[in-house]
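Every chain is numbered from 1 and lettered A, B, ... according to where its sequence line falls, protein lines coming before strand lines.
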Amino acid sequence: MPELPEVETVRAGLQRWLSGRTIASVEIRHARAVRRHLAGPQDLAARLIGARIEAVSRRGKYLWLPLSSPGPASPAGPDRGECLVAHLGMSGQLLVQPADAPQERHLHVRLGFADGGRELRFIDQRTFGGVLLDHLVPASDRSDESVPGQVAHIARDPLDPYFDDVLFSVRLRRRDSALKRALLDQGLVSGIGNIYADESLWRARLHGERRGVTLRPTAVRDLLGHIRDVLADAVAAGGTSFDALYVNVNGQSGYFDRSLSAYGRAGEPCPRCGTPIRRVAFMNRSSSFCPCCQRPPRPRARKE
DNA sequence: TATTTAACCTGGACGC
DNA sequence: TGCGTCCAGGTTAAAT
């Protein structure tokens, strides 16, 4: 599933292929893929045609392409400060393909370019992802940085040089809820999904059901270090691919799945102590952990 | 206000 | 072979 390492891999690929190119055609084949663009598919297409892609940015699992207008002579194109925002959801792919390449089964949006080169395709089997046009707004924590309005509520990710470790620790240690739930809250820390939450907790020897309020500052610091390590390792491996649902912009799989210690390893021996990894239901999804290395918290005493 | 739950969605795997 | 059920999980609105 696309989490920070997978999205960063896609961002780097798009940066290479798309920067400086001008959009010449837009085909929206599935309206659900643009459902968050409230003005509708036709408005999105009209605004994108003629726009020049300046860069490819990312925060957490969100990608966006800042756009520049073609100039006053053309009625088409985006407003000043607009950008194309993309979220891959669970199964979204952004592929850079030759225009004559066969159409993918779940191809929803395709962008052609004025230079006649490779086109950009948004493919999404489970349709949780999508694209929209949005305005850039000043980031809440640094005035010289802009993010799309849709992304403004998302916290920085742990690989962001401006991530505030102290603020994260304070906010996490105020939480009277499960640690794993907190790690999945993109408003607290972005980029972490089910896979890297489980892996980070395994590395930190922490059970996902520990309450945030029970953690000492040193434990949070240790956890944050492990989160950064696992994310960086996964970025270096090109992300995690369990099936064909996650690939980079060239359609190639990542290989971090070979390095996973807990996620997807239910029944296999823990690489650290040999105890079989256990899988349990948690938050309408699954959690994998070592019942020996990651001791569950003691049940809280009930108030009379 | 803080926290938790459910719905959205598709296709592969599995059991009968 | 066909049908029904379960599972995967990021985001967010609604409920508690």
So which nucleotide from [options] ends up closest to the side chain of [X]?
X: A:Ser286; options: B:dT3, C:dG10, C:dA8; answer: C:dA8
X: A:Leu184; options: B:dC9, C:dG10, B:dT5; answer: C:dG10
X: A:Gln186; options: B:dT10, B:dT5, C:dT11; answer: C:dT11
X: A:Arg285; options: B:dT4, C:dT11, B:dG12; answer: C:dT11
X: A:Arg279; options: C:dG10, B:dT3, C:dC7; answer: C:dC7
X: A:Arg32; options: B:dG11, B:dC8, C:dC7; answer: B:dC8
X: A:Ser177; options: B:dT10, B:dT4, C:dG10; answer: B:dT4

Side chains of residues 267-277 of chain A: which donor-acceptor pairs under 3.5 Å do they make with residues two or more places apart or in other chains?
| residue | atom | partner | partner atom | Å |
| --- | --- | --- | --- | --- |
| A:Arg272 | NH1 | A:Trp202 | O | 3.0 |
| A:Arg272 | NH2 | A:Trp202 | O | 2.8 |

### Message
Ring of A:Phe163, cation from A:Arg156 - is the NZ or CZ under 6.0 Å from the centre and inside 45° of the axis?
### Response
no

### Message
Less than 6.0 angstrom from the centroid, inside 45 degrees of the normal: does A:Arg118 satisfy that with respect to the ring of A:Trp17?
### Response
yes

### Message
Could you check whether any side-chain N or O of A:Arg11 sits under 3.5 Å from a backbone N or O of A:Val56, counting only pairs where one atom can act as donor and the other as acceptor?
### Response
yes

What's the [atom1]-[atom2] distance between [X] and [N], to the nearest Å?
X: A:Lys180; N: B:dT3; atom1: NZ; atom2: P; answer: 18 Å
X: A:Phe282; N: B:dT5; atom1: CZ; atom2: C1'; answer: 12 Å
X: A:Arg181; N: C:dT12; atom1: CZ; atom2: P; answer: 16 Å
X: A:Arg265; N: C:dA8; atom1: CZ; atom2: C1'; answer: 17 Å
X: A:Arg35; N: C:dT12; atom1: CZ; atom2: C1'; answer: 11 Å
X: A:Ile154; N: C:dT12; atom1: CD1; atom2: C1'; answer: 11 Å
X: A:Leu88; N: B:dC9; atom1: CG; atom2: P; answer: 19 Å
X: A:Leu63; N: C:dT11; atom1: CG; atom2: C1'; answer: 16 Å

Mind checking [X] for me? I need base, sugar-phosphate or nothing, with any heavy atom below 4.0 Å counting as a touch.
X: A:His153; result: sugar-phosphate
X: A:Arg171; result: nothing
X: A:Arg36; result: sugar-phosphate
X: A:Tyr62; result: sugar-phosphate

## Note on the structure
Result for 5'-nearest mapping on DNA chain B, choosing between A:Arg175 and A:Asn284, is A:Arg175

Taking only Lys NZ, Arg NE, NH1 and NH2, and the carboxylate oxygens of Asp or Glu, determine whether [X] and [Y] approach each other closer than 4.0 Å.
X: A:Asp124; Y: A:Arg32; answer: no
X: A:Arg295; Y: A:Glu209; answer: no
X: A:Arg47; Y: A:Asp43; answer: yes
X: A:Arg203; Y: A:Asp233; answer: yes

### Query
Under a 4.0 Å heavy-atom cut-off, which of residues 193-201 of chain A touch DNA chain C?
A:Gly193, A:Asn194

### Task
Go through the N and O atoms of the side chain of A:Arg126 and the base of B:dG11, and report whether any donor-acceptor pair is under 3.5 Å.
no

